[in-house]
There are 2 protein chains.
Amino acid sequence: MANETHALNERAQLLLKTLVERYIADGQPVGSRALSKYSGLDLSPASIRNVMADLEDMGFIASPHTSAGRVPTPRGYRFFVDTLLTVKPLDRVEINQLEGQLQVENTQKLVASASHVLSEITRFAGVVVTPRRSAGFRHIEFLRLSEKRLLLILVTAEGDVQNRIIQTEKAYTPSELVEASNMLNQNFAGCTFEEIRRRLQSELKQLREDMSQLMAAALAAGDQAVSESAEDVVISGEVNLLGINDLSSNMTKLRELFNLFEHRTTLLQLLDVSSRAQGVQIFIGGEAGLTPLDECSVVTAPYEVDGKIVGTVGVIGPTRMAYERVIPIVDITAKLLSSALTQR
Amino acid sequence: MANETHALNERAQLLLKTLVERYIADGQPVGSRALSKYSGLDLSPASIRNVMADLEDMGFIASPHTSAGRVPTPRGYRFFVDTLLTVKPLDRVEINQLEGQLQVENTQKLVASASHVLSEITRFAGVVVTPRRSAGFRHIEFLRLSEKRLLLILVTAEGDVQNRIIQTEKAYTPSELVEASNMLNQNFAGCTFEEIRRRLQSELKQLREDMSQLMAAALAAGDQAVSESAEDVVISGEVNLLGINDLSSNMTKLRELFNLFEHRTTLLQLLDVSSRAQGVQIFIGGEAGLTPLDECSVVTAPYEVDGKIVGTVGVIGPTRMAYERVIPIVDITAKLLSSALTQR
DNA sequence: CTCAGCACTCTCTGCATCAGAGCGCCAATG
DNA sequence: CATTGGCGCTCTGATGCAGAGAGTGCTGAG
């Protein structure tokens with residue numbers, strides 16, 4: 001008996017597995033009778049109770065109260081997903097369905113549709129961390145809107161388009177604007193704004209003053225545009241979580257959860273962790289130390305461009321979720337996103 | 001008595017007013033005793049009960065059950081906001097606060113921040129219908145991303161930037177792309193894509209074939225980009241509604257409501273109505289025929305560019321909301337948005 | 001090691017009760 | 001004749017209680 005505090009024998013593992021599976025299916029605490037029926041082990045409830053007591057001692061399961069069955073603890077879930085779970089890969093049909101719903105017109109749409117399709121197909125909340133961009137630019141363009149208002153259009157190295165309106169002190173002529181953008185495009189395409197700043201520093205004095213002002217404005221705006229759009233997280237299908245009984249019974253918890261969704265930064269930190277490792281990662285319950293996520297699990301996978309990890313996709317749902325289904329979905333979505341982005 | 005079925009005498013109006021006010025403040029059905037205390041009318045509860053019975057007959061108030069006080073019906077709210085309500089304008093400080101939170105860098109940000117600030121300040125959900133755009137364009141640009149992939153950048157007449165990636169059959173050289181965009185910019189700036197299509201029809205054959213293909217692609221993409229971005233509604237602060245007791249007690253209703261938020265089209269129809277009239281409009285309870293909004297009111301105001309209505313801002317909250325506060329907030333936000341957009 | 005049996009505990013449901021709130025009606029009043 | 005105090009009625013919400021159901025832990029026998 002004593003050595004069982006460290007390792008689980010095969011029978012205990014099987015029982016834990018069926019217990020978790022049944023609990024995920026039913027949402028009801030599962031008792032010894034049910035377990036004896038569904039484990040396939042041909043043991044009486046009484047014997048199973050012994051094993052369950054051990055599992056409880058080891059912290060894998062717990063009972064809400066004396067006369068209810070047992071439910072998995074976070075630790076129980078952890079063991080389940082790490083060593084007991086068998087995921088079945090998606091069939092071709094589902095992959096095609098996923099792929100068909102991704103909108104590849106531009107990066108924003110791609111990211112938004114990825115998040116949306118994740119939520120649609122899992123019926124939980126889908127999240128995508130927008131791809132990290134390099135600070136470099138590919139193309140820049142000034143456009144005169146009115147007397148002293150310019151529209152700055154910036155195409156990043158990855159082919160994303162950003163734009164912002166700049167107030168200028170002096171009124172530039174269209175040809176001055178063309179001149180400025182030509183100079184930037186021809187000399188500095190591919191550089192980061194930091195580099196441009198350095199290299200311009202020396203030349204800046206030689207330029208006509210109005211032109212140098214324009215450059216400075218462009219640099220400032222470019223810097224800001226790049227840093228601002230640094231990283232963000234797109235969430236969709238939060239509504240789905242309202243329908244989950246495990247969560248919606250606890251109104252206060254539910255509100256905390258939705259507040260978390262609004263304060264993106266906190267969520268971002270959690271998701272960023274996932275982009276350090278490869279492949280699917282699973283955060284269970286409050287493991288991450290985030291109380292609002294107590295009853296939730298987060299399944300994430302990083303996606304990449306040209307072999308470099310640039311962001312994360314994932315699903316947020318109740319801890320009691322069908323992991324064997326969600327895991328491959330997240331996995332494939334990350335891969336689809338990677339390949340869609342790499343094509344650029 | 002009989003003539004009172006049509007008009008409310010002054011006393012009944014005052015009582016209805018204080019009843020609605022107290023109910024909005026407390027959320028509790030208000031009884032005759034409370035009304036006699038707060039109306040300032042120095043009438044006994046018994047007398048007030050008579051008036052209340054009349055008000056109930058006329059459908060302005062109703063009682064949830066025999067021994068509770070009365071609550072306003074939608075019709076009661078309607079009468080209240082239409083003829084009893086006295087709104088107090090915002091002070092300068094609050095207006096400045098509102099104005100300070102609008103981000104004017106570009107249209108998307110402006111709209112998003114308007115929606116956000118509405119939700120922040122009212123603690124309900126803020127909605128903004130994105131401005132209708134004319135189909136015309138100001139500037140177009142082709143950018144080569146790779147062998148057969150082009151980035152099309154489109155600046156609309158209003159100064160918004162759209163972009164999309166186009167797959168081409170043939171590989172164009174940078175100079176061909178410049179040539180194409182120059183041609184479009186110089187000949188057709190300001191035209192709608194429909195006009196361009198017509199005017200190009202005749203000339204298209206005279207162009208080199210590759211160029212005409214490029215034009216066709218640009219037109220198609222432009223058309224789509226314009227039509228797609230037609231109208232949308234931006235919502236923020238839905239979370240706030242979770243905290244409202246009137247709504248969150250009814251889980252199913254709450255879910256219907258959030259579903260409505262996801263299916264933007266339905267919501268859009270409702271909000272579009274508001275852009276037909278000038279000034280603040282108020283939709284109460286299920287008046288609009290939308291069951292999910294049964295317990296909600298929508299306060300909207302249209303905003304304009306150069307004197308033409310192009311969209312709607314609004315707040316969605318419980319029917320039991322402090323209208324005298326929300327109305328001026330929505331009003332001012334619409335005006336601020338109008339002026340921010342008109343400056344372009 | 002397995003298992004049947006038994007006592008125990010805890011939840012959930014229905015039922016009855018009781019106080020509180022508020023109304024409608026009526027008769028008295030100035 | 002509008003106003004008002006009073007009385008009976010009704011409905012809700014809280015409280016207490018008993019019984020059924022579910023599941024456990026333990027014990028002693030095979």
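Note on naming: letters A, B, ... go to the chains in the order of the sequence lines (proteins, then strands), and numbering restarts at 1 for each one.
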Under a 4.0 Å threshold between the charged nitrogen and the carboxylate oxygen, would A:R78 count as salt-bridged to A:E287? yes

Please determine if A:R70 and A:E56 form a salt bridge, counting it only when a charged side-chain N lies under 4.0 Å from a carboxylate O. yes

Between [atom2] of [N] and [atom1] of [X], the distance in whole Å:
{"X": "A:L35", "N": "C:dT2", "atom1": "CG", "atom2": "P", "result": "15 Å"}
{"X": "A:L43", "N": "C:dC3", "atom1": "CG", "atom2": "C1'", "result": "10 Å"}
{"X": "B:N50", "N": "C:dG22", "atom1": "CG", "atom2": "P", "result": "17 Å"}
{"X": "B:R33", "N": "D:dG5", "atom1": "CZ", "atom2": "C1'", "result": "13 Å"}
{"X": "A:Q28", "N": "C:dC12", "atom1": "CD", "atom2": "P", "result": "11 Å"}
{"X": "A:M52", "N": "D:dA22", "atom1": "CE", "atom2": "P", "result": "16 Å"}
{"X": "B:R22", "N": "C:dG22", "atom1": "CZ", "atom2": "P", "result": "12 Å"}
{"X": "B:K37", "N": "C:dG22", "atom1": "NZ", "atom2": "C1'", "result": "14 Å"}

N or O in side chain of [X] less than 4.0 angstrom from [N] OP1/OP2:
{"X": "B:R70", "N": "C:dG22", "answer": "no"}
{"X": "A:S47", "N": "C:dC3", "answer": "yes"}
{"X": "B:R49", "N": "D:dG6", "answer": "no"}

Any donor-acceptor N or O pair under 3.5 Å, side chains B:T18, B:S39: no

With sugar-phosphate meaning primed atoms plus P, OP1 and OP2, does B:S32 contact a base, only sugar-phosphate, or nothing at under 4.0 Å between heavy atoms? sugar-phosphate

Name the nucleic acid region contacted by B:A46, choosing base, sugar-phosphate or nothing; use a 4.0 angstrom heavy-atom cut-off, strictly under. base

If I compare all heavy atoms of B:L118 with all of B:G314, which pair ends up nearest, and what's the gap? CD1-O, 3.4 Å

Quiz item: A:S67 side-chain donor-acceptor pair to C:dC10 base, under 3.5 Å: yes

Is the backbone N or O of A:T66 less than 3.5 Å from a side-chain atom of A:S63, with the two atoms forming a donor-acceptor pair by type? no

The residue, B:H65 or A:S63, whose nearest nucleotide of DNA chain D is more 5′ is B:H65

Whichever of B:D42 and B:P64 has the more 5' nearest nucleotide on DNA chain D, that residue is B:D42

